[in-house]
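Have a look at the structure below before the remarks.
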Amino acid sequence: MAITQAMTTSFKQEILQGIHNFTSGSGGGTTTTTGSGNVFKIALYTSSASLSATTTAYSTSNEVSGTNYTAGGNTLTNVTPTTSSTTALTDFADTTWSSSTITARGALIYNSSTTAGTADRAIVVLDFGADKTSTSGDFTIQFPAAGASTAIIRIA
Amino acid sequence: MFSVEVSATPGSVNVQTTSNRGMNSEEIALNAVEKIISISDTADPVIKAQAEAFKERMYWVIVAACDQSIKSDRTTLYNIFKSNGHDNVAEILRTL
C-alpha cells in the first residue's frame, strides 16, 4: 500500500476530451455553449491507501475517519484557470477541517460533478510525505502559489 | 514529423495541523504571504531583496488584520452569548 503523488493518467486523457471545467462560477464549458465550473473536492486518506497515477476515481477505501471529517472530504473553491508565460494553471483556495481529530498520509482531488455521465473522476493524488495529525484542532491544506512552476495543477 | 510535448505535473501542498487549538494570526499570515508571493531562487539579487522586504511587510500587515478580525468577531460572539443568557461564556470570550 502506498500513496504516490501524481496527476492521474485518466485526468490527462479527460483534459483532451474536454471533460473538466475548472472555471469558478459560470464560464468555460465543454460544449459550444458556455458552461459553469465543476465542483472539485479533496478527500483525505490513511497510509493504508493505494493511490497513484493509475487512480481513476474517488473511493471510500482507506479514506480517513475522524472527528469533524465527513466522507468525501471538503469542497474546494476553484480559481479560474489562467496562464503564466507558456504555462496554463489553476489553483484552489486553502481548505481546513476545523476542530478535527484526523490522521492522514495523503489526499485525492477529484471532480465530484457528473461530467460525461460519470462523477468523482480523479484529478491529482497528493502524498504528504508522512502522517499528519490534528488533535481537536485545525487540519489545513495550503495550496502552493499559483505560479508557472509552483501551481497545484499546471500544464506546460 | 512534428510532435508537441506537454507536461502536466502537480504542485506540492503544505499540510499544517494543530493540537487543542486553532491557527493563530502569525500562522495564517504566513500562509497568506506564501500564497500571494513566491520568489524564485534564481531571481536577480536586488529584485529578490525587494521582494523579500515586501513579503515581510505584507506579513505584518496581515498579522495585524487577523488580530483585528479575531477581536471583532469575539465582540460579535460576546454579544450573541450575552443576549442568549450565557454571561459566563461571554465573559470567558471577552477575557481571551
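Side chains are part of it too, since the values below use all heavy atoms of this structure and drop only hydrogens, waters and symmetry mates. Within every chain, numbering begins at 1; the chains are lettered A, B, ... in the order of the sequence lines, protein sequences first and strands thereafter.
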Is the CD atom of E91(B) crowded by more than 12 outside heavy atoms at less than 6.0 Å? yes
Test: R21(B) and D138(A) ion pair at under 4.0 Å: no
Would you confirm whether Q5(A), through its side chain, and G11(B), through its main-chain N or O, come within 3.5 Å as a donor-acceptor pair? yes
Does I15(A) share a hydrophobic cluster with I152(A), counting links as ILVMFWY side-chain heavy atoms below 4.5 Å and allowing steps through other members? yes
Counting heavy-atom pairs under 4.5 Å with chain A, the top scorer among V13(B), I37(B), I36(B) is V13(B)
Any side-chain heavy atom of D91(A) sitting closer than 4.5 Å to one from K35(B)? yes
Pick one of side chain, backbone, both or neither for A151(A), based on which atoms fall under 4.5 Å of a heavy atom in chain B. backbone
Enter the distance from N14(B):CG to F143(A):CZ here, rounded to the nearest 0.5 Å. 11.5 Å
Note: vs chain A, highest number of non-hydrogen pairs under 4.5 angstrom among S12(B), S38(B), G22(B) is S12(B)
Test of understanding: clusters of I, L, V, M, F, W, Y form through side-chain heavy atoms closer than 4.5 Å, transitively. Do V79(A) and L89(A) belong to the same one? no
Side chain to side chain, T140(A) and M23(B), heavy atoms closer than 4.5 Å: yes
Which portion of A107(A) sits near chain B, non-hydrogen atoms under 4.5 angstrom: neither
Indicate, with yes or no, if V39(A) and I141(A) share a hydrophobic cluster defined by side-chain heavy-atom contacts under 4.5 Å among Ile, Leu, Val, Met, Phe, Trp and Tyr. no
Note: P10(B) and V124(A) closest approach over all heavy atoms is CB-CG1, 3.6 Å
Taking T17(B) for its side chain and T133(A) for its backbone only, find out whether a donor-acceptor pair lies under 3.5 Å. yes
Please check if I153(A) and L108(A) belong to a single hydrophobic cluster, counting links between Ile, Leu, Val, Met, Phe, Trp and Tyr side chain heavy atoms closer than 4.5 Å. no
Are V89(B) and L77(B) linked, directly or through other ILVMFWY residues, by side chains that come within less than 4.5 angstrom of each other? yes
What part of F128(A) is in contact with chain B, defined as an atom under 4.5 angstrom from a non-hydrogen atom: side chain, backbone, both or neither? side chain
Any donor and acceptor pair, going by atom type alone, linking the side chain of Q142(A) with main-chain N or O of N31(B) inside 3.5 Å? yes
Selection from A104(A), A146(A), G147(A), S136(A) maximising heavy-atom pairs under 4.5 Å formed with chain B: S136(A)
Quick one: what part of L126(A) sits under 4.5 Å from any heavy atom of chain B, side chain, backbone, both or neither? side chain
